[in-house]
Amino acid sequence: MDYHTFEFMKLAIEEAEKAALRGSVPVGAIISLRGRVISSAGNEVLKNKDPTAHAEMVAIRKACAQLGCSILENCDIYVTLEPCSMCAQAISLARISRLYFGAYDDKYGGIIHGCRVFEHSLHRPEVIGGISETPCAKILQNFFKNKRN
């Protein structure tokens, strides 16, 4: 992993923190192309009143609009949490080259856990999990702890 990996994950964490301030589950995503950020997003489910407005989905939509295409070949996505099945399928359909994620999600994850979407997809991005895992998990733990209190 190079310098960009940790810098982009740091930006994804910042997006997750912004989502938490909006009251949304704190997940953030960054999409890069050739070492340059082309889109960033945090979870916007509550903000947009849209159950599909996960950070990954919003970042993919923004990246496609930015590049004027529906295929994000040669792009990488950095996400603070293992993507769910919906987001994993969107990553595959967008033909994103590499997925970097922080915390593992043994309950709702769709890559390593759950239905393991990429095992059944035509496009299988390279997957690197556990990047900045502790800070990514801590944001989620604190968010849900505060919700319970």
Side-chain angles (χ1 to χ4, degrees), residues 1-67 72 75-119 121 124-149:
M1 284 176 282
D2 63 10
Y3 169 78
H4 290 296
T5 301
F6 295 100
E7 285 301 306
F8 291 155
M9 190 56 78
K10 182 179 171 186
L11 294 173
I13 290 169
E14 290 173 10
E15 289 294 334
E17 290 168 342
K18 291 178 197 174
L21 292 174
R22 293 191 297 267
S24 287
V25 174
V27 177
I30 300 292
I31 296 180
S32 71
L33 174 62
R34 296 183 195 98
R36 185 175 62 89
V37 173
I38 58 169
S39 74
S40 60
N43 186 337
E44 296 184 1
V45 170
L46 295 178
K47 177 183 169 188
N48 294 350
K49 297 174 182 57
D50 176 359
T52 70
H54 292 194
E56 302 94 312
M57 302 293 283
V58 176
I60 288 170
R61 290 176 187 135
K62 286 181 176 181
C64 288
Q66 171 75 17
L67 297 176
L72 300 175
C75 289
D76 298 332
I77 188 166
Y78 300 79
V79 188
T80 57
L81 181 65
E82 177 183 348
C84 70
S85 299
M86 173 184 69
C87 293
Q89 188 62 41
I91 289 166
S92 178
L93 290 170
R95 305 280 195 281
I96 291 176
S97 296
R98 276 172 296 286
L99 161 64
Y100 298 88
F101 71 85
Y104 291 84
D105 187 347
D106 58 354
K107 191 171 186 179
Y108 298 111
I111 308 294
I112 307 300
H113 299 91
C115 64
R116 298 182 176 127
V117 170
F118 297 151
E119 290 181 14
S121 298
R124 296 176 180 154
E126 181 181 349
V127 177
I128 302 95
I131 308 297
S132 303
E133 181 177 6
T134 301
C136 290
K138 193 79 171 158
I139 293 169
L140 288 156
Q141 290 164 353
N142 290 340
F143 177 80
F144 287 112
K145 181 180 174 183
N146 290 338
K147 283 279 189 197
R148 286 189 295 273
N149 295 335

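Below, all heavy atoms of this structure are taken into account, side chains as well, without hydrogens, waters or symmetry copies.
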*Closest approach of Glu133 and Tyr104, non-hydrogen atoms and distance?*
OE2-CD1, 3.4 Å
*Looking at side-chain heavy atoms only, is the closest gap between Glu17 and Pro26 below 4.5 Å?*
no
*Do the side chains of Glu14 and Lys10 get nearer than 4.5 Å, heavy atoms only?*
yes
*asked:* Could you measure the distance from the CD1 atom of Ile96 to the SG atom of Cys75? Nearest 0.5 Å is fine.
replied: 6.5 Å
*Once you round to the nearest 0.5 Å, how far does OG of Ser132 lie from CE of Met9?*
6.0 Å
_Quick check: do Ile91 and Met86 have side-chain heavy atoms less than 4.5 Å from each other?_
no
*For residues Gly102 and Cys136, report the shortest heavy-atom separation together with the two atoms involved.*
CA-SG, 3.9 Å
*So do Ile31 and Ile60 actually touch side chain to side chain, heavy atoms under 4.5 Å?*
yes
*Relative to the ring of Phe8, is the ring of His4 parallel (under 30°), tilted (30 to 60°) or perpendicular (over 60°)?*
parallel
_Ignoring hydrogens, what is the shortest heavy-atom contact between Pro125 and Leu99? Give both atom names and the distance._
CB-N, 4.5 Å
*Got a donor-acceptor contact below 3.5 angstrom from the Asn48 side chain to the Asp50 backbone?*
no
_Main chain of Val117, side chain of Ser121: is a donor-acceptor contact present, judged purely on distance under 3.5 Å?_
yes
*Where Val127 and Phe101 come nearest, the two heavy atoms and their spacing*: CG1-CE2, 3.8 Å
*Keeping the roles fixed (side chain from Arg116, backbone from Ile111), state whether a donor-acceptor pair exists under 3.5 Å.*
no
*Without swapping roles, check the side chain of Arg22 against the backbone of Leu46 for a donor-acceptor pair under 3.5 Å.*
no
*Just by distance, do the side chain of Ser39 and the backbone of Lys62 share a donor-acceptor pair under 3.5 Å?*
no
*Looking at side-chain heavy atoms only, is the closest gap between Glu7 and Leu11 below 4.5 Å?*
no
*Which pair of non-hydrogen atoms, one from Glu56 and one from Leu81, has the smallest distance, and what is that distance?*
OE2-O, 4.2 Å
*Hey, what do you get for OH (Tyr108) to CG (Asp106), rounding to the nearest 0.5 Å?*
10.5 Å
*Note, Arg98 side chain near Tyr100 side chain (heavy atom, < 4.5 Å)*: yes
*Calculate, to the nearest 0.5 Å, the distance between atoms CE and NE2 belonging to Met57 and His54 respectively.*
8.0 Å
*Determine whether Arg124 and Ser92 make a side-chain contact, defined as any pair of heavy atoms from C-beta on separated by less than 4.5 Å.*
no
*Report the residue from Val79, Thr5, Thr80 that forms a side-chain contact (heavy atoms from CB on, under 4.5 Å) with Ile131.*
Thr5
*Measure across Ala41 and Ala59 and return the closest heavy-atom pair with its distance rounded to 0.1 Å.*
CB-N, 3.7 Å
_Distance check, rounded to the nearest 0.5 Å: Leu93 atom CG versus Gln89 atom CD?_
4.5 Å
_Let me confirm one number: the OG-CD distance from Ser24 to Glu44, rounded to the nearest 0.5 Å._
8.0 Å
*Do Leu67 and Leu72 come within less than 4.5 Å of each other through their side chains, counting heavy atoms only?*
yes
*Give a yes or no on whether the backbone of His113 and the side-chain of Glu82 come within a donor-acceptor separation of less than 3.5 Å.*
yes
